Amino acid sequence: MAGETVIKPDLQFVNQVIASGGDTVKKCYQCDTCSVVCNPTPDAKPFPRKEMLQAQWGQKSVLKDPDIWLCHQCSDCTVYCPRGAKPGEVMNALRKMCIQEYATPPQLAKMVGDPKFLLALIAFPVLLLLAALKVTGHLALPEGTIVYAKFFPTLLVDAIFVPAFFFAAAVLAKGVLAYWKDINEASPWKVKVEGNLVGNLIATLKDIVMHNRFRLCETTYPRSTNHLFVLFGFIFLALVTGYSFLGEWFLHDESPFAFYRPVKLMAMVGTAALLYGIYNIIKSRQANAEKAGLGGYYDWFFVYVIFAVGATGLLSWVFRLVGIRILAYPTYFLHLTSVFCLFFYAPYTKMAHMVYRTAAMLYARMSGRGF
Ligand code: SF4
Ligand code: SF4
């Protein structure tokens, strides 16, 4: 028969969706309420109903559907779904699987998403940092005034964290380039991108930084504000880290910086924004758990890594100021451990959302999906 399409359900894929947090996917009976109440979806070929159908039918190609990244997990659809199919949670599970699909090595991506490996993931940086201290003869806590560079020399920090950063950047770049190629491949339901890539990328980044799409959400609207605090906290702390690196290598201006210095003020504001945002995200996730879903281990892993980075950074500073040596150095060690986890595992955690969502939103903008 002309035009006939045979669909072969991949049951293993359906089971993976269920295991990744989309355990309600089979409840969907395709009423389309979710697409109607979703504010961020474009009018043509709206999400998330079609993604629910693809996931139910075991169509792995849904991972190449850029629309899964246009969803901001506001949960409006989950609240209104008459079947309790939680489409917002299913879309989140699909994004997790998309990241795992494109990340290298896939084994590490699987480990980051599986609570069984949590201890191993934490043990790796702990042992690496301890080994570095042991080899360089810095294992004992230094006497006298608390100076973190006496305990963990700046050169040693650079020797570990710069390669970790470039490893993460390379894995993310490889993954997102493969993803970009896939979403651009010919398909009956996709269109080719057109227009100025750089100009559209700038407009997309502006959209992301201002959280314009995120702010269309209703049920968990405050999430967008909390998310903004975390984002700007990150940006401030990234600028501080960048300046510290330049100061160490080129400007002969090393930390600790005096209170009144702009770089110090930026570090304090960045840490406060990060902690305020992440604390509110934790609170609002718990408060909305019943109607919007609590999120799975994958979501909470990322949330707690950010919280650990902010909390240990703040405590390291406080303990140094009040001179509690016995607490300051171990807390600084934990701070380095959590920062390592944040960067090194970034291509496999929700941190990778930043690059995949940017690519998908860029595709949407350039293919006329209304972004
Ligand atoms: S997820 Fe819920 S609201 Fe959406 S189509 Fe399925 S049953 Fe209807
Ligand atoms: S979670 Fe929000 S953005 Fe995502 S599909 Fe549902 S209503 Fe749309």
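Since this is a predicted model, take the numbers as computed values, not measurements.
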Who are the salt bridge (Lys or Arg N to Asp or Glu O under 4.0 Å) partners of [X], not counting sequence neighbours?
X	result
Lys27	none
Arg285	Asp299
Arg261	Asp253

Is it the case that more than 12 heavy atoms not belonging to [X] sit under 6.0 Å from its [atom1] atom?
X	atom1	value
Lys60	NZ	no
Met210	CE	no
Phe245	CZ	yes
Phe166	CZ	no
Leu119	CG	no

Could you tell me which residues satisfy ring-ring contact (aromatic ring centres under 6.0 Å, His included) with Trp57, sequence neighbours excluded, listed by chain and number?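 Result, ring-ring contact (aromatic ring centres under 6.0 Å, His included) vs Trp57: none returned.
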Phe124 meets the ring-ring contact (aromatic ring centres under 6.0 Å, His included) criterion, sequence neighbours left out, with Phe340, Phe344
Partner set under side chain to side chain contact (heavy atoms under 4.5 Å, CB included) for Ser20, not counting sequence neighbours: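 With sequence neighbours excluded, Ser20 shows a side chain to side chain contact (heavy atoms under 4.5 Å, CB included) to Ala93, Lys96, Met97, given in chain and number order.
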What residues form a side chain to side chain contact (heavy atoms under 4.5 Å, CB included) with Asp10, not counting sequence neighbours?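 Once residues adjacent in sequence are excluded, the partners of Asp10 under the side chain to side chain contact (heavy atoms under 4.5 Å, CB included) criterion are Gln12, Phe13.
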Could you check whether any side-chain N or O of [X] sits under 3.5 Å from a backbone N or O of [Y], counting only pairs where one atom can act as donor and the other as acceptor?
X	Y	result
Asp114	Lys110	no
Tyr345	Leu121	yes
Thr78	Gly88	yes
Tyr348	Thr104	yes
Gln100	Pro106	no

Write down the atom of [X], the atom of [Y], and the distance for their closest heavy-atom approach.
X	Y	result
Pro347	Val171	CB-CG1, 3.5 Å
Pro82	Tyr29	CG-OH, 3.5 Å
Leu228	Val209	CD2-O, 3.2 Å
Val198	Asn196	N-OD1, 3.0 Å
Thr331	Leu315	CG2-CB, 3.7 Å

Is there a side-chain contact between [X] and [Y] (heavy atoms, below 4.5 Å)?
X	Y	result
Leu172	Met354	no
Thr358	Leu201	yes
Asn92	Lys350	yes
Arg95	Cys71	yes
Trp300	Val303	yes
Pro330	Phe319	no

Kindly say whether the aromatic ring centers of Tyr332 and Phe152 come within a distance under 6.0 Å.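 Here the rings of Phe152 and Tyr332 have centres that are no less than 6.0 Å from each other.
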Kindly write out the residues that satisfy side-chain hydrogen bond (donor to acceptor under 3.5 Å, both in side chains) with Ser35, not counting sequence neighbours, or none if the list is empty.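 Counting only residues at least two positions away or on another chain, Ser35 forms a side-chain hydrogen bond (donor to acceptor under 3.5 Å, both in side chains) with Asp32.
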Kindly compute the distance separating SG (Cys341) from OH (Tyr304), expressed to the nearest 0.5 Å. 15.5 Å
About how many Å separate SG of Cys28 and CD of Gln56, when rounded to the nearest 0.5 Å?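 Reported to 0.5 Å precision, the distance equals 4.5 Å.
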Inter- and intrachain pairs under side-chain hydrogen bond (donor to acceptor under 3.5 Å, both in side chains), touching [range], at least two apart:
range	result
residues 137-149	Thr136-His138
residues 149-167	Asp158-Trp249
residues 118-134	none

Taking NZ, NE, NH1 and NH2 as the nitrogens, is one of them in Lys50 or Asp67 under 4.0 Å from a carboxylate oxygen of the other?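 Looking at Asp67 together with Lys50, the answer is yes, because their closest N to O distance falls below 4.0 Å.
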Kindly assign one of parallel, tilted or perpendicular to the pair Tyr356 and Trp69, based on the angle between their ring planes and the thresholds 30° and 60°.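 Rings of Tyr356 and Trp69: parallel, under 30°.
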Show the atom names and distances, to 0.1 Å, of all donor-acceptor pairs under 3.5 Å that link a side chain in residues 269-283 to residues at least two apart or in another chain.
from	atom 1	to	atom 2	distance (Å)
Thr271	OG1	Ala267	O	2.7
Asn280	ND2	Tyr276	O	2.9

